[in-house]
Amino acid sequence: MKAFVAVTFALLVGCVRGESSVTDGLSVEDMLDKCMDGRHHKTQPGPEGSLYRQCSPWVDRACCRASTTEQLHQPLWLNFDWHHCGQLSESCERHFMQDLCFYECSPNVGPWLVPVDMQIRNERFAGVPLCATDCNRWWTACKDDLTCSGNWGVSWNWTSGQNTCRQGAQCRTFQDYFGTPSNFCRNIWNGSFAVVDDSAPCFTLWFNGTNPNDRVARLRAEEIVSARGGAGSVGAPHHPLLVAVLIVMTVVFGRGILS
Ligand SMILES: *[C@@H]1O[C@H](CO)[C@@H](O)[C@H](O)[C@H]1NC(C)=O
Ligand SMILES: *[C@@H]1O[C@H](CO)[C@@H](O)[C@H](O)[C@H]1NC(C)=O
Ligand SMILES: *[C@@H]1O[C@H](CO)[C@@H](O)[C@H](O)[C@H]1NC(C)=O
């Protein structure tokens, strides 16, 4: 009985506090049919007639529009300058371009969305599991290039309207700033990616044909819903009646024990 009261109480606290996350109350299919709430994103993924160059893999089902993919291949998309310590090497730049296409186009980040309060978006993805092989290639292409920041998501001087090096932040190699491939992939965008072994379900930024990340996103969405005991799949999170019932039960059974 004590255990029952404890569990009920825990549920109650969870319900009342209503810990908010973007995926709360979304069904598996909702999570898989949602784009990030960002400045240029569509609301829901769908086919595009064609997508520009490195963004073309997402043409069958994309969160970006064709016009966006053309514009983002120009310098300073979202006022972000990759070349803040001089021009990046061509191979490193190609990886950042692929990452940018993923950011704008991927229809697979729904299960990893969290709220943020920024001018360019109201949501970000956090901890998307990137395949170690993908991460290693990105790292190998960039490790000898130069940067002045070990976290491109946060540490900049934006006074001029685009990112410049903070006072005292020196231009050094990616190797100096990040040390290892997994530190690099994890920290470059402030935890947007996590790095996982290729044997686990993981994302790739480079593919042709069928999007291999569809399966990975579905697995994660199913995991999220089953961790809620399936309750969220009916789309009624923190239902007031449930809260009321839990309050009554906690009081009644709690009294029973104490008296
Ligand atoms: C930011 O850049 C401006 C010039 O654009 C400079 O005056 C200012 O000192 C810089 N601030 C920092 C913290 O680097
Ligand atoms: C960077 O990540 C930290 C930790 O997750 C988070 O608290 C912070 O809001 C993030 N900043 C931005 C600009 O995304
Ligand atoms: C995709 O196709 C291009 C052109 O045929 C090829 O160069 C590239 O290696 C392929 N990439 C992947 C990840 O299969």
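Position 1 is the first residue of the sequence; numbering continues from there. Just follow the structure's listing: the first ligand is 1, and inside any ligand the first atom is 1. Being a predicted model, the structure only gives us computed values, none of them experimental.
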Heavy-atom nearest neighbour in the protein, as seen from [atom], with distance rounded to 0.1 Å:
atom                    : value
atom 13 (C) of ligand 3 : Trp206 O, 3.7 Å
atom 11 (N) of ligand 2 : Asn190 ND2, 2.9 Å
atom 14 (O) of ligand 1 : Gln167 N, 2.8 Å

Subject >> Side chain proximity check, Glu123 to His41, heavy atoms < 4.5 angstrom >> reply: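 Counting from C-beta outward, Glu123 and His41 never come under 4.5 Å.
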
**OP:** Taking the side chain as every heavy atom from C-beta outward, state whether Phe193 and Asp99 have any pair of such atoms under 4.5 Å apart.
**Re:** yes

**OP:** With heavy atoms of Val154 as the reference, note each atom of ligand 2 found under 4.0 Å away.
**Re:**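 Those of ligand 2 that fall under 4.0 Å from Val154 are 11 (N), 12 (C), 13 (C).
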
Original post:
Under 4.0 Å from atom 4 (C) of ligand 1, is there any protein heavy atom?
Top reply: no

Original post:
Under 4.0 Å from atom 8 (C) of ligand 3, is there any protein heavy atom?
Top reply: yes

Subject >> Heavy-atom proximity to atom 6 (C) of ligand 3, best of Thr204, Leu205, Asn208 >> reply: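 When every heavy atom of Thr204, Leu205, Asn208 is considered, Asn208 comes closest to atom 6 (C) of ligand 3.
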
**OP:** Enumerate the atoms of ligand 1 whose separation from the nearest heavy atom of Arg166 is less than 4.0 angstrom.
**Re:** 14 (O)

Original post:
Does a donor on one side chain sit under 3.5 Å from an acceptor on the other, for His84 and Thr164?
Top reply: no

Original post:
What do you reckon, Cys131 and Cys202 SGs under 2.5 Å?
Top reply: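 Yes; the two sulfurs sit under 2.5 Å apart.
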
Original post:
With respect to the side-chain SG atoms, do Cys105 and Cys63 come within less than 2.5 Å?
Top reply: no

**OP:** Just say parallel, tilted or perpendicular for the rings of Trp58 and Phe207, cut-offs at 30° and 60°.
**Re:** perpendicular

**OP:** For Gln54 and Arg94, indicate whether the former's side chain and the latter's backbone hold a donor-acceptor pair under 3.5 Å.
**Re:** yes

Original post:
So is Asn157 polar-close to ligand 1, meaning N/O to N/O under 3.5 Å?
Top reply: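 Yes.
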
